[in-house]
Amino acid sequence: MKWVYIEDIAKYVGEKVELRGWVYNKRSSGRVRFLLIRDGTGILQCTIFSPEKEHPLFDKFEELTQESSLIVRGKVKEDKRAPGGYELEVEDIEIIHIAKDYPITPKPHGVSFLMDHRHLWLRSVRQHAILQIRAEVIRAIRDFFDGRGFRLMDTPILTPSACEGTTTLFETKYFDEKAYLSQSGQLYNEATAMAFGKVYCFGPTFRAEKSKTRRHLLEFWMVEPEVAFATLNDIIELAEDLVVYIVSRVLDKRKKELETLNRDTKPLEKIAKPFPRITYKDAIKILKEKGFKIEFGDDFGAPEETILSNSFEKPVCVTRYPLKVKAFYMQPDPENPDLALCVDMLAPEGYGEIIGGGQRIHDYDLLLQKIKEHNLPIENYQWYLDLRKYGSVPHAGFGLGIERTVAWICKIDHIRETIPFPRMLYRMYP
RNA sequence: UCCCCGGUAGCUCAAUCGGCAGAGCGGGUGGCUGUUAACCACUAGGUUGCAGGUUCGAGUCCUGCCCGGGGAGCCA
């Protein structure tokens with residue numbers, strides 16, 4: 001008998017097939033038994049009928065508990081009464097393993113309990129939908145860059161010092177030396193961009209900030225393109241194209257999952273080019289009009305970002321922040337040397353920053369001066385300065401946070417559900 | 001690091017003014033011929049986070065600690 005997956009079940013109506021999976025739930029009513037089986041691709045209702053009170057399959061049904069693993073064989077039928085429209089008329093049950101006292105029931109649980117059981121929580125319908133969308137987002141990102149001739153360049157996780165010199169890093173040992181877990185692949189990608197023209201890296205990044213909010217993880221995934229000869233405007237366009245591509249791909253391929261999450265897709269359907277662009281100065285004006293006590297030169301806090309994000313239907317690109325609130329490598333605006341040629345993209349519906357990027361300094365002397373001003377150890381940046389010594393060109397790039405993007409697309413309120421095993425302040429188990 | 005909230009059965013929660021610690025789910029037993037987080041009946045299940053204090057009497061009030069959640073700063 002053919003082993004099939006539930007996501008393909010419609011193709012087998014009228015045929016006898018085999019399913020391999022786990023018991024999601026079971027119900028009974030008199031001489032009818034309902035077994036909800038999940039196999040990782042979906043959930044299917046399996047039915048057992050008997051005109052007699054006793055039946056060998058009833059005995060096996062009784063034995064089964066939530067999350068017990070099994071193989072069922074039977075005939076696929078179309079039936080409007082079944083959730084999903086299809087069901088399996090069971091002819092044979094082969095029990096593989098009986099699960100005893102599965103802790104997560106089909107009833108509500110608290111966050112703390114669910115996080116302690118994250119390894120099992122992943123089996124639930126909602127987590128399944130979110131992580132399917134995450135996988136789709138990642139696939140879309142790779143297709144987008146690969147399709148545009150970008151070269152994948154994996155950057156190191158173990159680094160000798162801070163990339164940006166701003167956030168706190170996780171420290172580890174490198175034999176007798178100290179090493180730090182990477183917080184960005186950008187600096188290395190400036191080197192690979194000079195070798196390959198347009199590149200991207202995609203990997204985990206680490207921030208040892210003691211952030212305890214719904215939009216922070218200590219370990220998260222980021223995609224970072226870097227393009228030689230590109231200016232600020234070039235990468236804003238690239239960022240727009242990328243976000244439009246990701247959203248339309250999820251709308252196209254993961255409609256069912258969005259529905260599972262009760263995600264209203266109308267706001268997502270509006271995501272098209274061009275996105276609104278405002279300068280930092282405009283943003284300050286908007287915030288002041290809304291009654292915020294904020295002055296030119298201040299960076300935005302979470303409430304400010306939420307207000308800006310809610311002010312537009314599409315992601316908004318905020319450009320030209322004051323240099324002093326940004327990283328040392330930011331290229332100054334030729335029209336106003338106090339401003340940086342940078343961009344932050346804020347996702348709508350209150351989600352806030354999903355992209356940060358900009359044009360990098362390509363002048364050797366200016367970069368050297370900034371490294372000194374920021375008290376960074378020059379010996380660690382010799383190679384980075386070299387890039388400005390041998391055929392330096394203007395270049396730009398950005399980083400997009402995967403988890404924040406997934407949280408926005410799914411419209412879920414906490415980032416911890418967008419990665420299989422979140423690493424958070426005071427929580428490293430499981 | 002700071003601010004706010006919480007910790008009672010395996011889970012989600014209730015417990016009036018300080019007066020016998022309870023319900024639903026889950027488990028067990030039985031019932032029901034189409035269930036939809038099924039339903040109905042019965043049943044077992046407690047160191048009320050920990051330590052101390054006030055009181056005739058503390059889940060409830062006080063002090064300290066531990067753990068968790070939310071937020072701030074910082075950032076994607």
Side-chain angles (χ1 to χ4, degrees), chain A residues 24-36 43 45-53 55 58 62 65-67 77 79-85 87 89 99-117 120 124-126 163-164 166-169 183-186 204-224 239 298-306 325-327 343-347 351-357 398-408 413-416 418-419 424-427 429:
Chain A
Y24 187 72
N25 201 358
K26 60 177 198 174
R27 293 184 277 267
S28 69
S29 174
R31 308 284 150 85
V32 200
R33 301 287 187 274
F34 298 97
L35 204 49
L36 290 157
I43 294 174
Q45 174 163 287
C46 303
T47 55
I48 310 166
F49 293 91
S50 168
E52 308 300 322
K53 201 179 168 183
H55 191 280
F58 281 5
E62 291 309 321
T65 56
Q66 195 190 350
E67 288 303 320
K77 289 173 66 182
D79 194 315
K80 285 205 177 75
R81 291 168 297 185
E87 62 185 23
E89 210 174 80
K100 204 169 177 302
D101 301 327
Y102 186 70
I104 302 176
T105 68
K107 297 288 176 184
H109 296 281
V111 171
S112 180
F113 177 81
L114 288 169
M115 287 307 300
D116 285 341
H117 296 84
L120 303 176
S124 74
V125 171
R126 176 183 158 86
C163 281
E164 308 191 3
T166 49
T167 49
T168 321
L169 301 177
Q183 56 163 297
S184 165
Q186 182 206 314
T205 58
F206 307 86
R207 307 270 164 102
E209 291 289 337
K210 295 207 167 177
S211 298
K212 208 170 146 54
T213 80
R214 68 183 68 194
R215 53 177 96 179
H216 288 89
L217 294 172
L218 303 190
E219 180 182 317
F220 65 96
W221 286 66
M222 189 156 68
V223 60
E224 294 174 281
D298 297 340
D299 203 356
F300 306 136
E304 287 87 353
E305 219 178 89
T306 305
V325 302
K326 289 290 175 181
V343 58
D344 278 6
M345 188 190 287
L346 312 182
Y351 277 88
E353 188 172 358
I354 54 170
I355 282 178
F398 64 84
L400 174 136
I402 302 306
E403 289 77 14
R404 284 186 181 179
T405 303
V406 174
W408 161 52
D413 65 0
H414 204 299
I415 199 169
R416 65 185 157 216
T418 64
I419 186 167
M424 298 181 295
L425 192 58
Y426 309 132
R427 189 179 273 288
Y429 177 92

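Owing to the predicted nature of the structure, the values given are computational and were not obtained by experimental measurement. Within every chain, numbering begins at 1; the chains are lettered A, B, ... in the order of the sequence lines, protein sequences first and strands thereafter.
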Point to revise | Inter-nucleotide P distance (B:rG73, B:rU55), Å rounded | key: 47 Å
Point to revise | Nearest-Å distance once atom C1' is located in both B:rG45 and B:rG28 | key: 11 Å
Revision key, fill the gap. Regarding the side chain of A:His414, the nearest nucleotide among B:rU35, B:rC75, B:rG70 is B:rG70
Point to revise | C1' atoms of B:rA44 and B:rG6, separation to the nearest Å | key: 30 Å
Study note, to complete from the structure: Heavy-atom closest pair (A:Ile355 atom, A:Ala239 atom, distance to 0.1 Å) is CD1-CB, 3.9 Å
Check your understanding: If you check the A:Leu425 side chain, which of B:rG34, B:rU1, B:rC74 turns out closest?
Key -> B:rU1
Exercise for review: Pick base, sugar-phosphate or nothing for A:Tyr102, based on heavy-atom distances below 4.0 Å to the nucleic acid.
Suggested key: nothing
Practice item. Using side-chain contact (heavy atoms from CB on, under 4.5 Å) as the criterion, list what pairs up with A:Ser112, not counting sequence neighbours. Key: A:Asp116, A:Arg427
**Study point:** Which residues share a side-chain contact (heavy atoms from CB on, under 4.5 Å) with A:Tyr102, sequence neighbours left out
**Key:** A:Gln66, A:Glu67, A:Ile104, A:Leu120, A:Arg123
Check your understanding: Side chain of A:Glu87, base of B:rG34: donor and acceptor closer than 3.5 Å?
Key -> yes
Check your understanding: Step by step, would you call A:Glu305 with A:Arg215 a salt bridge (Lys or Arg N to Asp or Glu O under 4.0 Å)?
Key -> CA-CA 12 Å; A:Glu305 219 178 89; A:Arg215 53 177 96 179; 3.3 Å; yes
Point to revise | Set of residues satisfying ring-ring contact (aromatic ring centres under 6.0 Å, His included) with respect to A:His109, sequence neighbours excluded | key: A:Phe113
Exercise for review: Among B:rA72, B:rU35, B:rU33, find the nucleotide with the atom closest to the side chain of A:Arg81.
Suggested key: B:rU35
Revision key, fill the gap. 5'-most contact on RNA chain B (nearest-nucleotide basis), A:Arg416 vs A:Pro83, goes to A:Pro83
Exercise for review: Between protein and nucleotides 5-13 of chain B, map the contacts as a letter string: B base, S sugar-phosphate only, - none, heavy atoms under 4.0 Å, written 5' to 3'.
Suggested key: ------SS-
Review point. OP1, OP2 of B:rC75 versus side-chain N and O of A:Arg404: anything below 4.0 Å?
Key: no
Exercise for review: Kindly say if A:Lys212 contacts the phosphate of B:rG73, meaning a side-chain N or O under 4.0 Å from OP1 or OP2.
Suggested key: no
Check your understanding: Expressed as a whole number of Å, how far does the P atom of B:rC62 sit from that of B:rC4?
Key -> 15 Å
Revision key, fill the gap. Taking B:rA76, B:rG73, B:rU35 as options, the one with an atom nearest any side-chain atom of A:Thr213 is B:rG73
Check your understanding: Given the C1' atoms of B:rG57 and B:rC61, what is the spacing between them in whole Å?
Key -> 13 Å
Exercise for review: Name the nucleic acid region contacted by A:Leu400, choosing base, sugar-phosphate or nothing; use a 4.0 angstrom heavy-atom cut-off, strictly under.
Suggested key: nothing
Exercise for review: Report the stems of RNA chain B as range-with-range entries sorted by first number; a stem here is at least three consecutive pairs, Watson-Crick or G-U wobble, both distances under 3.5 Å, and write none if there are none.
Suggested key: B:1-7 with B:66-72, B:10-13 with B:22-25, B:27-31 with B:39-43, B:49-53 with B:61-65
Study note, to complete from the structure: Closest to the side chain of A:Met222, out of B:rG34, B:rC75, B:rA76, is B:rA76
Exercise for review: Using the P atoms only, state how far B:rG18 lies from B:rA23, rounded to an integer number of Å.
Suggested key: 24 Å
Check your understanding: Can the positive tip of A:Arg33 be found less than 6.0 Å from the middle of the six-membered ring of A:Phe58, inside 45° of the ring normal?
Key -> yes
Review point. Using a cut-off of less than 4.0 Å, is there contact between a side-chain N or O of A:His216 and OP1 or OP2 of B:rG73?
Key: no
Point to revise | Candidates B:rA76, B:rU1, B:rG27 - which lies nearest the side chain of A:Leu217 | key: B:rA76
Exercise for review: Might you point out which heavy atoms bring A:Gly185 and A:Glu224 nearest each other, and give the distance in Å?
Suggested key: N-OE1, 2.8 Å
Exercise for review: From the options B:rG34, B:rC75, B:rG68, select the nucleotide whose nearest atom is closest to the side chain of A:Arg427.
Suggested key: B:rG68
Practice item. Please confirm whether any donor atom in the side chain of A:Arg31 sits under 3.5 Å from an acceptor in the base of B:rU33, or the reverse. Key: no
Review point. Touch check for A:Gln45, heavy atoms < 4.0 angstrom, all strands: base, sugar-phosphate only, or nothing?
Key: base
Review point. Any N or O donor-acceptor pair linking the side chain of A:Ser29 to the base of B:rC39 at under 3.5 Å?
Key: no
Study note, to complete from the structure: Considering only heavy side-chain atoms of A:Ser211, the closest of B:rC32, B:rG73, B:rU1 is B:rG73
Practice item. Decide, applying a 5.5 Å centre-distance limit and a 30° plane-angle limit (both strict), whether A:Phe220 stacks on B:rA76. Key: yes
Point to revise | Distance, C1' atom - from B:rG24 to B:rC40, rounded to whole angstrom | key: 15 Å
Practice item. Using atom CG of A:Asp116 as one end and atom P of B:rG68 as the other, report the distance to the nearest whole Å. Key: 9 Å
Point to revise | Partner residues of A:Asp413 under the side-chain contact (heavy atoms from CB on, under 4.5 Å) criterion, sequence neighbours left out | key: A:Arg214
Point to revise | Gap in Å between the two P atoms, one belonging to B:rC11 and one to B:rG26, rounded | key: 15 Å
